[in-house]
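Below is one structure, written out as C-alpha coordinates; the observations come after it.
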Amino acid sequence: MTTQYWLVKSEPAAYAWADLLRERHTAWTGVRNYQARLHLKAMRRGDRVLFYESVTTKAVVGLAAVARTAFPDVTAGEPGWVAVELTCLRAFPHAVTLAQIKATPALADVALLRQSRLSVMPLRAAEYARIVKLGG
DNA sequence: GCCAACGTTGGC
DNA sequence: GCCAACGTTGGC
(Lines give C-alpha, C1' and ligand atoms only; values in the text may rest on other atoms or scores of the structure.)
Protein backbone atom coordinates (compact mmCIF):
# COMPACT_ATOMS: atom_id res chain seq x y z
CA MET A 1 0.00 0.00 0.00
CA THR A 2 1.25 3.45 -0.85
CA THR A 3 2.15 5.99 1.79
CA GLN A 4 -0.60 8.39 2.81
CA TYR A 5 -0.10 11.97 3.85
CA TRP A 6 -1.69 13.83 6.74
CA LEU A 7 -1.54 17.06 8.67
CA VAL A 8 -2.18 17.37 12.38
CA LYS A 9 -2.70 20.59 14.28
CA SER A 10 -1.69 21.38 17.81
CA GLU A 11 -1.74 24.43 19.98
CA PRO A 12 1.87 24.82 21.14
CA ALA A 13 0.68 25.52 24.67
CA ALA A 14 -0.91 22.07 24.74
CA TYR A 15 1.72 20.11 22.82
CA ALA A 16 4.44 21.76 20.78
CA TRP A 17 6.73 20.53 18.05
CA ALA A 18 9.59 21.11 20.51
CA ASP A 19 7.97 18.53 22.78
CA LEU A 20 7.98 15.97 19.99
CA LEU A 21 11.59 16.80 19.11
CA ARG A 22 12.55 16.13 22.70
CA GLU A 23 10.44 13.01 23.24
CA ARG A 24 11.02 11.61 19.73
CA HIS A 25 7.57 10.02 19.76
CA THR A 26 4.20 10.61 21.35
CA ALA A 27 0.70 9.21 21.59
CA TRP A 28 -1.52 11.60 19.61
CA THR A 29 -4.40 11.71 22.07
CA GLY A 30 -7.25 14.10 22.76
CA VAL A 31 -9.03 14.01 19.40
CA ARG A 32 -12.78 14.34 20.12
CA ASN A 33 -14.18 14.99 16.68
CA TYR A 34 -15.76 12.30 14.51
CA GLN A 35 -14.24 13.41 11.24
CA ALA A 36 -10.79 13.68 12.76
CA ARG A 37 -11.28 10.23 14.29
CA LEU A 38 -12.01 8.74 10.89
CA HIS A 39 -8.69 10.12 9.69
CA LEU A 40 -6.83 8.71 12.70
CA LYS A 41 -8.31 5.29 12.03
CA ALA A 42 -7.23 5.45 8.38
CA MET A 43 -3.58 6.08 9.24
CA ARG A 44 -1.08 3.35 8.56
CA ARG A 45 2.40 2.77 9.85
CA GLY A 46 4.88 4.80 7.86
CA ASP A 47 2.40 7.43 6.70
CA ARG A 48 3.87 10.93 6.70
CA VAL A 49 2.40 13.55 9.02
CA LEU A 50 2.99 17.29 8.82
CA PHE A 51 2.94 19.02 12.18
CA TYR A 52 1.14 22.37 12.24
CA GLU A 53 1.31 24.68 15.22
CA SER A 54 -1.81 26.83 15.52
CA VAL A 55 -2.66 30.06 17.32
CA THR A 56 0.80 31.47 18.05
CA THR A 57 3.07 29.94 15.42
CA LYS A 58 0.56 29.37 12.62
CA ALA A 59 3.02 27.31 10.57
CA VAL A 60 3.92 23.79 9.56
CA VAL A 61 7.08 23.27 11.53
CA GLY A 62 8.13 19.68 11.08
CA LEU A 63 7.62 16.21 9.74
CA ALA A 64 6.56 13.10 11.64
CA ALA A 65 5.49 9.58 10.75
CA VAL A 66 2.88 7.16 12.01
CA ALA A 67 4.64 4.63 14.23
CA ARG A 68 1.55 2.78 15.46
CA THR A 69 -1.96 2.62 14.06
CA ALA A 70 -5.09 3.56 16.01
CA PHE A 71 -5.53 2.26 19.54
CA PRO A 72 -7.90 3.29 22.36
CA ASP A 73 -7.25 6.78 23.69
CA VAL A 74 -6.87 6.27 27.43
CA THR A 75 -7.32 9.99 28.04
CA ALA A 76 -10.94 9.83 26.85
CA GLY A 77 -13.68 9.65 29.43
CA GLU A 78 -15.75 7.32 27.29
CA PRO A 79 -14.85 4.43 24.98
CA GLY A 80 -14.56 4.82 21.23
CA TRP A 81 -11.96 7.52 20.87
CA VAL A 82 -8.58 6.58 19.47
CA ALA A 83 -5.00 7.77 19.34
CA VAL A 84 -2.05 6.94 17.11
CA GLU A 85 1.65 6.94 17.88
CA LEU A 86 3.68 9.56 16.04
CA THR A 87 7.42 9.57 15.71
CA CYS A 88 9.48 12.66 14.98
CA LEU A 89 11.34 12.67 11.66
CA ARG A 90 12.77 16.17 11.21
CA ALA A 91 12.19 19.85 11.73
CA PHE A 92 11.81 22.05 8.67
CA PRO A 93 14.66 24.53 8.16
CA HIS A 94 11.97 27.02 7.14
CA ALA A 95 8.60 26.83 8.88
CA VAL A 96 5.85 26.98 6.28
CA THR A 97 3.51 29.71 7.45
CA LEU A 98 -0.23 29.85 7.06
CA ALA A 99 0.27 33.00 4.99
CA GLN A 100 2.57 31.10 2.62
CA ILE A 101 0.06 28.30 2.29
CA LYS A 102 -2.70 30.80 1.52
CA ALA A 103 -0.46 32.47 -1.06
CA THR A 104 0.25 29.21 -2.88
CA PRO A 105 -2.43 28.49 -5.50
CA ALA A 106 -1.60 24.76 -5.53
CA LEU A 107 -2.54 24.64 -1.84
CA ALA A 108 -5.86 26.45 -2.12
CA ASP A 109 -7.88 23.30 -1.46
CA VAL A 110 -6.07 22.01 1.63
CA ALA A 111 -8.41 21.28 4.52
CA LEU A 112 -6.33 23.57 6.71
CA LEU A 113 -7.79 26.48 4.77
CA ARG A 114 -11.18 24.98 3.94
CA GLN A 115 -12.05 23.59 7.36
CA SER A 116 -10.28 25.67 9.91
CA ARG A 117 -11.40 23.66 12.92
CA LEU A 118 -10.45 20.18 11.74
CA SER A 119 -7.42 18.95 13.68
CA VAL A 120 -6.48 15.83 11.71
CA MET A 121 -6.74 15.96 7.93
CA PRO A 122 -5.55 14.15 4.83
CA LEU A 123 -3.32 15.80 2.22
CA ARG A 124 -2.96 14.95 -1.45
CA ALA A 125 0.52 13.72 -2.40
CA ALA A 126 1.09 16.87 -4.45
CA GLU A 127 0.02 19.11 -1.58
CA TYR A 128 2.30 17.28 0.81
CA ALA A 129 5.21 17.51 -1.63
CA ARG A 130 4.67 21.23 -2.08
CA ILE A 131 4.66 21.95 1.63
CA VAL A 132 7.77 19.82 2.21
CA LYS A 133 9.50 21.69 -0.62
CA LEU A 134 8.61 25.02 0.97
CA GLY A 135 9.89 23.72 4.31
CA GLY A 136 13.29 22.95 2.84
C1' DG B 1 -36.43 16.36 13.72
C1' DC B 2 -35.76 21.28 14.12
C1' DC B 3 -33.39 24.99 15.75
C1' DA B 4 -31.73 28.30 19.21
C1' DA B 5 -28.25 28.64 22.60
C1' DC B 6 -23.87 27.72 23.85
C1' DG B 7 -18.93 26.31 23.84
C1' DT B 8 -14.60 25.78 21.38
C1' DT B 9 -11.25 26.66 17.90
C1' DG B 10 -8.33 29.57 15.80
C1' DG B 11 -7.37 33.57 12.70
C1' DC B 12 -7.01 38.40 12.81
C1' DG C 1 -10.09 41.10 22.54
C1' DC C 2 -13.11 40.13 18.89
C1' DC C 3 -15.50 37.40 15.88
C1' DA C 4 -16.55 33.78 12.33
C1' DA C 5 -17.05 28.99 11.79
C1' DC C 6 -18.96 25.12 13.37
C1' DG C 7 -19.90 21.18 16.43
C1' DT C 8 -22.83 19.91 20.41
C1' DT C 9 -26.67 20.18 23.51
C1' DG C 10 -31.24 20.47 24.90
C1' DG C 11 -36.02 22.25 24.68
C1' DC C 12 -39.95 21.71 22.08
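Quantities reported herein were computed from a predicted structural model and do not represent experimental measurements. Throughout, protein chains are lettered first and strands after them, A, B, ... in sequence-line order, and every chain is numbered starting at 1.
- Side-chain atoms of A/Thr87 and A/Arg45 include no donor-acceptor pair closer than 3.5 Å.
- Chain A approaches DNA chain C within less than 4.0 angstrom (heavy atoms of the protein), and the contacting nucleotides run 5' to 3' from C/dA5 to C/dT8.
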Side-chain atoms of residues 7-16 of chain A: list all donor-acceptor pairs with protein atoms under 3.5 Å, sequence neighbours left out, distances to 0.1 Å.
from    : atom 1 : to       : atom 2 : distance (Å)
A/Lys9  : NZ     : A/Ser116 : O      : 2.3
A/Lys9  : NZ     : A/Leu118 : O      : 3.2
A/Ser10 : OG     : A/Tyr15  : O      : 2.5
A/Tyr15 : OH     : A/Leu20  : N      : 3.4
A/Tyr15 : OH     : A/Glu23  : OE1    : 2.8

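- At least one side-chain heavy atom of A/Gln115 sits under 4.5 Å from a side-chain heavy atom of A/Gln35.
- Judged by distance alone, with hydrogens and angles left aside, the side-chain atoms of A/Arg90 form no donor-acceptor pair with the main-chain N or O of A/Cys88 at under 3.5 Å.
- By the side chain to side chain donor-acceptor pair (under 3.5 Å) test, A/Arg22 is found to be paired with A/Asp19, residues two or more places apart in sequence or in another chain being considered.
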